[in-house]
Asker: 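Below is the structure I would like to discuss, written out as structure tokens.
The chains referred to below are lettered A, B, ... by the order of the sequence lines, with proteins before strands, and numbering in each begins at 1.
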Protein chains: 2
Amino acid sequence: MGKRTAPRSPRRTDGLTRERIIQSATELLDGGGEGALTLRALTRRLSTGYGAIYHHVADKDDLLAAATDDVLTRVLSGAVAGPDPRETLRGLVLGLFDAIDAHPWVGAELSRQPWRPALLDFYERVAQLLDALAVPESARFDAAGTLMNYVLGVAAQNAANARHLADSNTDRSTFLDAAAAQWAQVNPSRYPFVHAAVTRLREHDDREQFLAGVDIFLTGIAAL
Amino acid sequence: MGKRTAPRSPRRTDGLTRERIIQSATELLDGGGEGALTLRALTRRLSTGYGAIYHHVADKDDLLAAATDDVLTRVLSGAVAGPDPRETLRGLVLGLFDAIDAHPWVGAELSRQPWRPALLDFYERVAQLLDALAVPESARFDAAGTLMNYVLGVAAQNAANARHLADSNTDRSTFLDAAAAQWAQVNPSRYPFVHAAVTRLREHDDREQFLAGVDIFLTGIAAL
DNA sequence: ACCCCGTTGGATCGGCGCTCCAACAAGCTA
DNA sequence: TAGCTTGTTGGAGCGCCGATCCAACGGGGT
């Protein structure tokens with residue numbers, strides 16, 4: 001005679017959509033890093049159950065990929081094409097850099113899934129701008145791939161840095177101080193260059209260093 | 001009166017060491033990819049329990065990092081220094097490329113933990129060779145970082161490819177065929193360059209393309 | 001009034017990393 | 001020899017994870 005089933009939460013009136021789920025997932029990721037996206041946390045945030053979520057989303061990978069595509073699409077649509085292809089290219093990759101700076105989990109996901117359709121658009125734009133830079137067709141494949149690999153490498157690096165920052169609960173300057181202190185302790189005779197780099201490490205700007213790398217590649221590409 | 005505790009496995013006679021654990025972990029990783037390294041699988045393979053493993057190893061991250069350091073150290077000690085710094089540098093990064101090709105999980109781990117001490121040695125060697133290539137001291141910091149980022153980007157890419165290959169249980173050629181087929185389906189008018197790249201994708205060699213990227217970088221460096 | 005059937009919420013499952021502790025072997029002390 | 005200490009070992013159990021499965025709903029068509 002006792003209640004055989006627990007009282008059930010009232011059914012939601014507003015429909016759950018894929019978009020709303022992806023948006024909530026993005027908020028979780030932005031707020032607490034890659035580890036913060038769990039289905040349990042998502043059900044809590046959306047006040048729903050697993051079934052409802054899995055009705056709109058295939059699995060967690062699908063969700064993470066969709067959130068990544070979302071960010072990437074915004075980057076692409078925000079990139080403006082100017083008269084100078086070199087400047088346009090720099091702006092394009094810088095847009096990706098900034099997006100990953102704002103959403104570090106995107107960097108980690110891109111290096112895990114480098115063949116998403118949204119990256120195809122990126123590849124296309126890069127190749128198109130290389131064409132405008134008079135890179136011969138024979139070298140465009142290698143050049144575009146190399147540039148993309150560099151950008152993705154920086155993306156992963158930034159994602160890793162952000163992860164460590166979040167774990168240690170410190171701000172950027174103390175993090176750099178700790179890294180510099182660690183580097184400063186290495187044997188200067190065995191690691192002369194690393195030791196000398198300590199000074200630069202503390203005053204360097206990730207964004208500028210990224211652009212410096214892009215320029216190195218563009219200079220090398222121009223010689224092809 | 002019944003046996004209150006289950007009969008216990010006989011205690012091992014040969015001592016368990018950190019090295020043996022790392023070696024077994026490496027075998028698991030090489031055999032089944034990143035997902036194959038679980039503590040349960042490790043206890044089975046070593047015929048032991050969790051306690052014994054955790055007595056020698058801090059946690060799973062420590063284990064993975066140690067296995068990665070192991071591979072990386074071997075790469076560094078295997079790199080030979082020749083008279084030509086440019087050739088030596090190419091050989092150094094190519095050694096890393098080949099190691100990651102043989103142990104793709106290393107690539108994933110390096111992009112997750114890009115500040116391991118073993119990578120510091122790598123950084124040092126790169127900077128040293130850039131110095132030999134007459135890269136001015138002011139540009140060496142950016143140049144070394146850029147090259148490392150590129151190499152790590154390729155590493156992550158290769159790791160991702162290996163993961164997909166392992167998941168789909170196909171060989172490389174059919175994988176490339178599938179990728180090419182997917183790319184060939186994209187709208188040629190919207191993606192002219194990607195569409196044109198299909199041909200090259202099927203005949204391209206990862207190793208050669210990696211070296212082409214290194215050469216682009218070296219050309220760009222020479223202009224600093 | 002009926003009954004679909006697309007949605008929803010949550011119990012449940014197997015597997016994971018990790019903690020904790022009893023059991024044991026080898027060495028030391030007396 | 002007998003006891004005690006100390007460093008290892010094996011495994012039960014905890015809390016979490018992603019994912020499955022299904023009963024319970026409720027709006028729309030008949």
Asker: Could you check how far CG of A/Leu39 sits from C1' of C/dG14, rounded to whole Å?
Answerer: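 Atom-to-atom, A/Leu39 to C/dG14, this comes out as 16 Å.
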Asker: What is the distance from NZ of A/Lys60 to P of C/dC16, rounded to the nearest Å?
Answerer: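 Going from A/Lys60 (NZ) to C/dC16 (P), I get 16 Å.
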Asker: To the nearest Å, give me how far apart CG (A/Leu63) and C1' (D/dA19) are.
Answerer: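 Computing the A/Leu63:CG to D/dA19:C1' distance gives 14 Å.
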Asker: Considering every strand and a 4.0 Å limit on heavy-atom distances, what is the contact class for A/Leu37: base, sugar-phosphate, or nothing?
Answerer: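 A/Leu37: backbone/sugar contact only, no base atoms under 4.0 Å.
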Asker: Without swapping roles, check the side chain of A/His164 against the backbone of A/Asn161 for a donor-acceptor pair under 3.5 Å.
Answerer: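 Looks like no, no N/O pair under 3.5 Å.
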Asker: I'd like to know if A/Arg40 reaches the base of D/dG18 with its side chain such that a donor and an acceptor end up less than 3.5 angstrom apart.
Answerer: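 Such a pair is found, so the answer is yes.
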Asker: Do B/Asn149 and B/Thr146 get their side chains close enough for a donor-acceptor pair, meaning under 3.5 Å?
Answerer: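 No, because no side-chain N or O of B/Asn149 sits under 3.5 Å from a partner of the opposite role on B/Thr146.
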Asker: Round to the nearest Å and state the distance from A/Tyr54 atom OH to C/dC13 atom P.
Answerer: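 To the nearest whole Å, that distance equals 17 Å.
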Asker: A/Tyr50 or B/Asp14: which one's nearest nucleotide on DNA chain D is closer to the 5' end?
Answerer: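 Of the two residues, B/Asp14 wins.
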Asker: For C/dT8 and A/His55 - does any side-chain N or O of the residue sit under 4.0 Å from the phosphate oxygens OP1/OP2?
Answerer: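 Looking at the OP1 and OP2 atoms of C/dT8, neither is under 4.0 Å from any side-chain N or O of A/His55.
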Asker: Could you state the atom-to-atom distance from CG of B/Leu16 to P of D/dG7 in whole Å?
Answerer: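 The answer, rounded to whole Å, is 17 Å.
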Asker: Between A/Gln23 and A/Glu27, does any side-chain donor sit less than 3.5 Å from a side-chain acceptor?
Answerer: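 Present: a donor and an acceptor within the cut-off.
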Asker: Nearest whole angstrom, please: distance from the P of C/dC20 to the CD1 of B/Ile53.
Answerer: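 So the two atoms are 18 Å apart, to the nearest Å.
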Asker: Which part of the nucleic acid, if any, lies within reach of A/Ser47 when heavy atoms closer than 4.0 Å are counted: base, sugar-phosphate only, or nothing?
Answerer: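 Sugar-phosphate: the residue A/Ser47, judged by heavy atoms under 4.0 Å, touches backbone atoms but no base.
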Asker: Which part of the nucleic acid, if any, lies within reach of A/Arg12 when heavy atoms closer than 4.0 Å are counted: base, sugar-phosphate only, or nothing?
Answerer: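 Here A/Arg12 touches the backbone only, sparing every base.
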Asker: In this structure, how many angstroms lie between the P atom of C/dG17 and the CG atom of B/Asp61, rounded?
Answerer: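 Distance check: B/Asp61 CG to C/dG17 P gives 11 Å.
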Asker: Rounded to whole Å, how long is the line connecting atom CG of B/Asp62 with atom P of C/dG17?
Answerer: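 Answer to the nearest Å: 14 Å.
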Asker: From the list D/dG18, C/dG6, D/dT9, which nucleotide is the closest neighbour of the side chain of A/Arg11?
Answerer: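 Selected nucleotide (nearest to the side chain): C/dG6.
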Asker: Using the benzene-type ring in the case of Trp, are the ring centres of B/Tyr150 and B/Phe217 under 6.0 Å apart?
Answerer: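 Centroid separation for B/Tyr150 and B/Phe217: 6.0 Å or greater.
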